[in-house]
Amino acid sequence: MPSFELLDEKVFGRLVKQVGSERRMSTYLVTGPEPERKKALALAFAKALNCSEGVRDLSCSCGVCRRIEAGTHPDVRWYGRDEETNSIKISEIRDFKNWLHLKAFEGKVKVFIFNEAERLGPEAQNALLKSIEEPPPGNVILFLLPHAQLLFDTISSRAVEIRVPACSTERIRELLVREGVLIEQAECLARMSQGHLTRARKAASEGWFRKKNEWLEDLVNRPGAFFESFEPASREAMGSLLDFLIEWLRDLLVFSASGEAGQVIHIDRLELIQSMTARCDFQSLLELFDHMNQLRRSIDDYANRKLVLTQVGMCWERSFRS
């Protein structure tokens with residue numbers, strides 16, 4: 001279950017005002033970039049709707065609230081919990097439709113939460129449409145997804161959108177440090193994540209901080225050998241390389257334009273950023289940045305990997321030739 005530490009209290013406060021109100025809708029789109037924040041909001045709303053003591057904040061520890069938090073309450077049902085699959089199965093839609101027309105077992109409101117609802121395929125969305133058009137009273141349906149446009153208009157037009165902002169860099173850094181990540185690493189990973197705590201945690205668990213610094217050392221000191229090492233790489237690995245180079249060039253451009261480190265992602269390599277921006281002017285950096293983005297798109301378009309890698313290496317060495 002998600003942690004309430006990630007809950008956006010302002011958004012929750014606005015949403016909870018609808019509990020018991022005639023203005024309460026039956027269907028909501030909970031949108032935003034951070035999955036854990038959306039799940040925390042959905043869980044908190046389910047508690048507020050069903051709390052046996054009528055408490056509408058997170059302080060209640062009644063049996064109903066505890067079971068909702070534990071994921072064992074029969075009237076709060078999650079779909080799409082398997083985040084590794086590419087779609088939410090049609091069997092889950094059938095289960096939802098069966099439960100939708102039953103009376104609540106013991107709660108006040110049945111709550112149905114579709115996690116990562118962007119994984120609902122066309123068949124699943126069409127199967128949901130009738131239920132969304134005329135849901136029985138006493139039900140709340142929550143679709144958690146990055147953008148409302150990822151669902152059919154016929155569904156999104158029948159729902160109220162609740163936007164959940166990304167986590168702040170400071171908050172992500174604080175949580176990573178609390179989880180045992182070194183401060184220097186946490187600062188860099190928090191900046192790199194762009195408000196996605198899930199992305200920062202994944203990068204920390206995969207040792208990305210160490211790996212990216214190894215890449216930078218090779219990129220500066222042995223660029224030819226560095227690029228050659230990616231010749232047998234998969235298309236996915238090539239995409240990751242180009243994503244990193246684009247991110248690094250973005251730092252160089254930001255620092256070259258402002259001379260300040262406030263918006264730099266790789267803050268731990270500030271001296272290297274200063275050195276490289278001294279060797280390459282802003283316009284040349286911008287041209288290289290644009291070229292890397294073009295090459296990144298060509299990888300997605302299934303261009304020849306070896307040819308792309310050759311172009312990447314040639315452009316990079318030409319720009320930073322001593």
Side-chain angles (χ1 to χ4, degrees), residues 33 84 86 146 184-185 187-196 198-261 263-322:
E84 298 301 319
N86 292 326
E184 182 184 49
Q185 296 185 23
E187 179 66 39
C188 179
L189 294 174
R191 293 183 180 216
M192 175 273 296
S193 71
Q194 297 180 332
H196 294 237
T198 305
R199 183 187 299 169
R201 281 174 167 162
K202 185 174 186 291
S205 68
E206 293 177 350
W208 173 241
F209 184 83
R210 174 188 55 78
K211 181 179 179 181
K212 68 99 176 176
N213 277 321
E214 290 176 353
W215 278 11
L216 284 172
E217 290 301 317
D218 288 342
L219 189 60
V220 171
N221 298 314
R222 297 173 294 277
F226 173 73
F227 288 117
E228 286 176 9
S229 70
F230 282 88
E231 286 186 0
S234 66
R235 192 169 298 277
E236 181 181 1
M238 280 285 294
S240 296
L241 169 65
L242 280 159
D243 287 340
F244 171 71
L245 295 178
I246 289 167
E247 182 180 84
W248 179 249
L249 285 168
R250 177 258 180 209
D251 270 3
L252 298 184
L253 282 166
V254 166
F255 187 81
S256 180
S258 68
E260 298 178 358
Q263 299 301 314
V264 167
I265 293 172
H266 300 275
I267 189 66
D268 60 306
R269 304 308 303 262
L270 187 57
E271 287 187 8
L272 179 58
I273 291 171
Q274 291 171 328
S275 170
M276 293 186 74
T277 52
R279 294 165 54 193
C280 191
D281 63 79
F282 181 86
Q283 187 58 41
S284 297
L285 286 171
L286 185 59
E287 291 173 3
L288 181 59
F289 180 79
D290 289 341
H291 200 174
M292 291 298 144
N293 275 287
Q294 292 172 15
L295 292 170
R296 179 64 179 92
R297 289 191 292 271
S298 73
I299 285 292
D300 290 337
D301 292 336
Y302 293 94
N304 182 282
R305 296 197 305 274
K306 187 171 182 180
L307 180 60
V308 170
L309 185 62
T310 299
Q311 291 183 63
V312 169
M314 289 175 59
C315 292
W316 194 273
E317 292 195 65
R318 184 168 59 246
S319 298
F320 294 104
R321 187 177 290 117
S322 300

Next item on the list: Apply side-chain contact (heavy atoms from CB on, under 4.5 Å) to Leu288 and Leu252, showing your working.
Entry: CA-CA 11 Å; Leu288 181 59; Leu252 298 184; over 6 Å; no
Between [X] and [Y], what is the shortest heavy-atom contact and its length?
| X | Y | value |
| --- | --- | --- |
| Leu189 | Ala200 | O-CB, 4.0 Å |
| Arg191 | Glu187 | NE-OE2, 2.7 Å |
| Phe320 | Leu285 | CZ-CD2, 3.8 Å |
| Ser298 | Leu295 | OG-O, 2.6 Å |
| Ala303 | Arg235 | O-NH1, 3.0 Å |
| Gly313 | Phe227 | CA-CD1, 3.6 Å |

Between [atom1] on residue [X] and [atom2] on residue [Y], distance to nearest 0.5 Å:
| X | Y | atom1 | atom2 | value |
| --- | --- | --- | --- | --- |
| Asp281 | Glu287 | CG | CD | 8.0 Å |
| Trp208 | Arg210 | CH2 | CZ | 10.5 Å |
| Ile299 | Arg297 | CD1 | CZ | 12.5 Å |
| Leu253 | Gln283 | CG | CD | 9.5 Å |
| Gln294 | Gln311 | CD | CD | 9.5 Å |
| Cys315 | Leu245 | SG | CG | 11.0 Å |

Check: [Y] and [X] side chains under 4.5 Å, non-hydrogen atoms:
| X | Y | value |
| --- | --- | --- |
| Met192 | Arg199 | yes |
| Leu309 | Arg305 | no |
| Thr277 | Phe282 | no |
| Gln263 | Arg250 | yes |

Next item on the list: Keeping the roles fixed (side chain from Asp251, backbone from Ile265), state whether a donor-acceptor pair exists under 3.5 Å.
Entry: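 Yes, Asp251 side chain to Ile265 backbone: donor-acceptor pair under 3.5 Å.
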Note to self: Could you check whether any side-chain N or O of Ser275 sits under 3.5 Å from a backbone N or O of Glu271, counting only pairs where one atom can act as donor and the other as acceptor?
What the structure shows: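 It does not hold such a pair.
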Next item on the list: Please identify each residue that fulfils side-chain hydrogen bond (donor to acceptor under 3.5 Å, both in side chains) with Glu206, with sequence neighbours left out.
Entry: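 Result, side-chain hydrogen bond (donor to acceptor under 3.5 Å, both in side chains) vs Glu206: Lys202.
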Which donor-acceptor pairs under 3.5 Å do side chains of residues 217-224 form with protein atoms, sequence neighbours excluded?
from: Glu217; atom 1: OE1; to: Asn221; atom 2: ND2; distance (Å): 3.4
from: Glu217; atom 1: OE2; to: Arg269; atom 2: NH1; distance (Å): 3.4
from: Glu217; atom 1: OE2; to: Arg269; atom 2: NH2; distance (Å): 2.6
from: Asp218; atom 1: OD1; to: Arg222; atom 2: NE; distance (Å): 3.4
from: Asp218; atom 1: OD1; to: Arg222; atom 2: NH2; distance (Å): 2.2
from: Asn221; atom 1: ND2; to: Glu217; atom 2: O; distance (Å): 3.0

Note to self: Can you tell whether the side chains of Asp268 and Lys212 come within less than 4.0 Å, N to carboxylate O?
What the structure shows: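 Looking at Asp268 and Lys212, the cut-off is met.
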Check: Among all residues two or more places apart in sequence or in another chain, which pass the ring-ring contact (aromatic ring centres under 6.0 Å, His included) test with Phe230?
Finding: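 Partners of Phe230 by the ring-ring contact (aromatic ring centres under 6.0 Å, His included) criterion, ordered by chain and then number, come out as Trp215, Phe226.
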